[in-house]
Amino acid sequence: MEFTFLGGASEVGGSCTLLRVAGRCVLIDGGMRPAAREGQARIPDLALLDDNPPEALLITHAHIDHTGSLPLIASLYPHIPIYATESTRALTEILLRDSVRIMGQEGLKPDGETPLYNEEQVDALLGRIRPVGFHQVFAPIPTAPEIRVSYLPAGHILGAAMLYFVTPEGTLLHTGDISVTDQRTIRGLDIASLPGADVMICEGTYGNRAHSSRREEERKFAEAVQATVARNGRVLCPAFAVGRAQEIVLILKSYRASGYISPVPIYLDGMVRSVCAAYQGQSHDLHPHLQRYLKNARRPLFVDPDLHIFAVRSHERAALIARKEPAIIISSSGMLSGGASPLYGATIATREQDALLLTGYQDEESPGAALLRARPGMPLQIGSQRVPLACKVEKYNLSGHADAEQISQVVTKVGPRCLILVHGAPDALEALKQRFGEMRVEIPVVGSKLTFHAARQGLLTPASSRASISRAILPEAPLTAPELAFLDNTESMALPSIESLWLLARKLGPLRPWTVVELGQAYYGSAYRPALRPLIEQIFKSDTSAYFKRSRIGAQSIYQPCETVLGLSFSTTLPGEQLMGRGGGPTSLTLPQVPATELSRRIPGAGTVVIVQGQKNSAPYLALTLSPEHNGGIRMVADGWKAATRPLSMIQLLPDVQRPEWLHLPEESIKAHLKQWRHKLDRAWVDLFAWWRSCQRSSFSFTSLCRDLELRQADERLGWGLELLTHGLLLFRHHGEMWHPLDAARIYANGGFAHHLRLLEAGEGSAIEVNGRIGCLTGRSSWRLFEVRWDELLETEDEMDRLAQVRASTIHLLF
Ligand SMILES: [Zn+2]
Ligand SMILES: [Zn+2]
């Protein structure tokens, strides 16, 4: 896997990354630097694509720093497919049309730059975007089905996605821009549902910052608005048109409805208007609260004259600027660098009772940043006017980006072997890097290349066209012999000999049959990649009957190690024993230590309900065994797949539940029963944090957990078993049948976990607040949700709604 950073590396702006994998090229985003400095190019370095032309283009989200040069790229590569979510397509259209308009005006000025593209190129791009849904898996290059991608919700703004790649050279998560905190318009990204990945490219805009509580910041903002209105002043909120402006409208709307802010009119101007319309048009991606509001209240979300929220038409603007009555104006751009906000800003800045409230990132050289630095009475350049500053100027943090702690939670969950930090100022990315002491972290610059070798567990950074970086990074963790062998001989893939596979199988599981994947995992340890499977299969293509007895489970071949092989032996005294090669002297191979799996001792009979899992980190299933064990395999039907014979090693937990009566049913209806049951179990109130808290420092097995928690019901045991396999590895280390709680310091270092534990500590009946609503905890909770009983019902709700399931992260303890 090779990455070329054309833009957006060690900077915010011009995001554009080329991924080269399995000999194919995919381009991710094509942004612009909206605040390019003297001598700095506005667009990414597209010349770097000459040698590796992209075959597909993927767009993470609509912001101009990710889409601003797409019309140009699309016309350079007129035949490649382009993908984005439907919401991103809708928002990109608004932003690019505005960008063409601005470039057109700029081009008319004597010293203005020539436009980068025109309206026709924007049309051509938009017409080529193929909409993709979240979680849909697809091959972006139609002739390369081995490279698959899915879009995962990223929070941040409407339609924003992370890109998850599954390739023959490993997995990759490219975050784009992310937000963990729930916003009013959209939900934050769901950390618990993130997949693991070999490589992660992560944004670090706020890598050196900690956000204050969102709710608290919203309240302070509302307070400042009300203070201005109370002294008969006007409020101008310059806001990024996409995302931030919509948040501000909803915050003001809610505080005004509750009486906290006086009933003054709200005006929307600039691009904000059309973006608000697009948000409402893509309601399927909005926060569920808003979807419900649209359905129940049947009112518009943003512009709503009945509620005194107006869109300003351009001919009405001058009158509004001249009016001195209290009002709130929300207009783009957010940094006062263009659009309608400087027009209002120039008069509002001069009036003492007015206020200018900034809510987002201010580029150092923007008028917004100058405003924040300015003292009262100082002359200030706003738009085309130079005015003395008299109004109040304040800044509030309503960021749509994750802060340092949230980013580290995201990275911890994904657990990459290589982390690449982009989309941030160098000091922010450096600060972020310090949080991942053990991990290999790269901070590329624009123009550089990074290569990831799955087998080497590391990155090579060869000399690049612009920056002359050249260093080879070797793994820091101690390596096993096969991994070392790999390093010496990567090209020929250092395959195991049949002798070493036999010895390994004899040592780790002499009595059971092995699959090729299991042998590969045992031999290579953590260096094993799915790409190695066909190579190991190749070994078994020749006659290996002296070493393994071969049989089949369904379509899968399994290999039972023969008891003795002429001329081969090994000592069993030492953990890293030496293998005696057939040709005489000892080989230098050290066997990796592979923990034994749960099964082996107790083999379930037909009609038993078991919990199965393919690999660590994959989702666990509920299954019913259909036959007794045979040859290392057992016939099962699971909630997620049809009846099939699977290796015994898939069975992870035996919750002591029997359903022999189901054996008489058709297999399809057993599956339906299991599915239904699973659905019910997934909604059970099982809180692994509570268990972690209660078993400090003492290890347990699933059996002892069931005993200690007195889980008498089948449902309880199954619910806990599923949860243990789903989230257990985040709180416990797992070795064989035993689970060991992770260090408290490490758990509490995770802000989300610490918060969850505090809520548990507070316990049933504790008073809480969620987005302005007051209630109390009922004492029931699960991995993410707490049950809450509201003190009061909203107008649109009935008694049924008094109980709610609320995400832990949105709950604030009141005392
Ligand atoms: Zn963004
Ligand atoms: Zn961005």
Side-chain angles (χ1 to χ4, degrees), residues 1-4 17-28 51-58 80-81 83 132 135-152 162-175 194-201 414-420 440 442 449-462 475 482-483 485-487 489-496 515-541 555-557 614-618:
M1 241 187 258
E2 184 187 82
F3 306 96
T4 309
T17 307
L18 182 75
L19 163 68
R20 200 179 131 86
V21 64
R24 315 301 292 258
C25 293
V26 178
L27 193 65
I28 301 163
D51 295 336
N52 292 305
E55 296 165 88
L57 172 57
L58 302 171
I80 64 171
Y83 304 88
V132 281
H135 304 291
Q136 177 191 336
V137 180
F138 65 101
I141 307 173
T143 56
E146 69 278 16
I147 302 169
R148 279 161 299 155
V149 172
S150 53
Y151 274 57
L152 308 175
M162 298 181 276
L163 307 180
Y164 182 59
F165 291 80
V166 178
T167 82
E169 294 174 21
T171 49
L172 162 71
L173 184 71
H174 186 298
T175 64
L194 287 177
D198 296 318
V199 184
M200 181 174 182
I201 300 183
V414 175
R417 296 199 280 159
C418 290
L419 172 65
I420 301 169
R440 194 144 316 117
E442 290 292 321
K449 270 186 190 179
L450 288 173
T451 309
F452 171 76
H453 291 289
R456 293 193 190 194
Q457 296 202 336
L459 291 169
L460 282 182
T461 322
E483 286 169 348
F486 238 107
L487 281 178
N489 201 0
T490 350
E491 301 313 312
S492 61
M493 297 304 276
L495 282 174
T515 65
V516 162
V517 172
E518 286 174 326
L519 286 169
Q521 286 169 341
Y523 182 79
Y524 289 105
S526 59
Y528 177 80
R529 316 298 325 145
L532 288 165
R533 180 182 172 166
L535 299 167
I536 302 168
E537 274 167 350
Q538 202 62 41
I539 299 173
F540 285 96
K541 290 257 162 68
Q556 193 172 40
S557 291
Q615 287 173 12
K616 249 192 205 175
N617 297 331
S618 67

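What you see is a predicted model, and the numbers here were worked out from it, not measured in a lab.
- Here the shortest heavy-atom pairing between Gly170 and Thr167 reads O-OG1, 2.8 Å.
- Under the ring-ring contact (aromatic ring centres under 6.0 Å, His included) criterion, Phe540 pairs with Phe548, Tyr559, not counting sequence neighbours.
- With sequence neighbours left out, Phe165 forms a ring-ring contact (aromatic ring centres under 6.0 Å, His included) with no residue at all.
- Side-chain N or O atoms of Glu169 include one that pairs as donor or acceptor with a backbone N or O of Met1 at under 3.5 Å.
- Within the 4.5 Å cutoff, no side-chain heavy atoms of Thr171 are placed close to those of Pro195.
- Rounded to the nearest 0.5 Å, atoms CG (Leu419) and CZ (Arg440) are 11.5 Å apart.
- Taking the side chain as every heavy atom from C-beta outward, Phe452 and Ile420 never approach each other to under 4.5 Å.
- Counting heavy atoms from C-beta outward, Met162 and Leu194 have side chains that approach closer than 4.5 Å.
- Closest approach of Tyr83 and Tyr151 over heavy atoms only: O-OH, 3.1 Å.
- Side-chain contact between Ser557 and Val516: absent, with no pair of heavy atoms (C-beta onward) separated by less than 4.5 Å.
- Shown here are the side chain to side chain contact (heavy atoms under 4.5 Å, CB included) partners of Arg24, two or more places apart in sequence or in another chain: Glu55, Ile141, Thr143, Ala144, Ile147.
- Separation of atoms OG1 (Thr17) and CG (Leu163) is listed at 10.0 Å; rounding is to 0.5 Å.
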Practice prompt. Start with the C-alpha distance between Val26 and Val21, add both sets of side-chain angles, then the distance that settles side chain to side chain contact (heavy atoms under 4.5 Å, CB included), and finish with yes or no.
Written response: CA-CA 8 Å; Val26 178; Val21 64; 5.6 Å; no

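- Evaluation of the side chain to side chain contact (heavy atoms under 4.5 Å, CB included) rule for Ser150 yields Val137, Leu152, Tyr164 as partners, not counting sequence neighbours.
- Minimum heavy-atom separation, Pro140 to Pro142: O-CD, 3.4 Å.
- For the atom pair Leu172 CG and His174 NE2, the distance stands at 7.5 Å (nearest 0.5 Å).
- Rounding to the nearest 0.5 Å gives a distance of 15.5 Å between CE of Met200 and CZ of Arg417.
- Residues meeting the salt bridge (Lys or Arg N to Asp or Glu O under 4.0 Å) test with Glu537, sequence neighbours left out: Arg533.
- With respect to Leu27, the side chain to side chain contact (heavy atoms under 4.5 Å, CB included) criterion is satisfied by exactly one of Leu19, Leu18, Thr4, Ile80: Leu18.
- Closest approach of Cys25 to Asn52, counting heavy atoms only: SG-CB, 3.6 Å.
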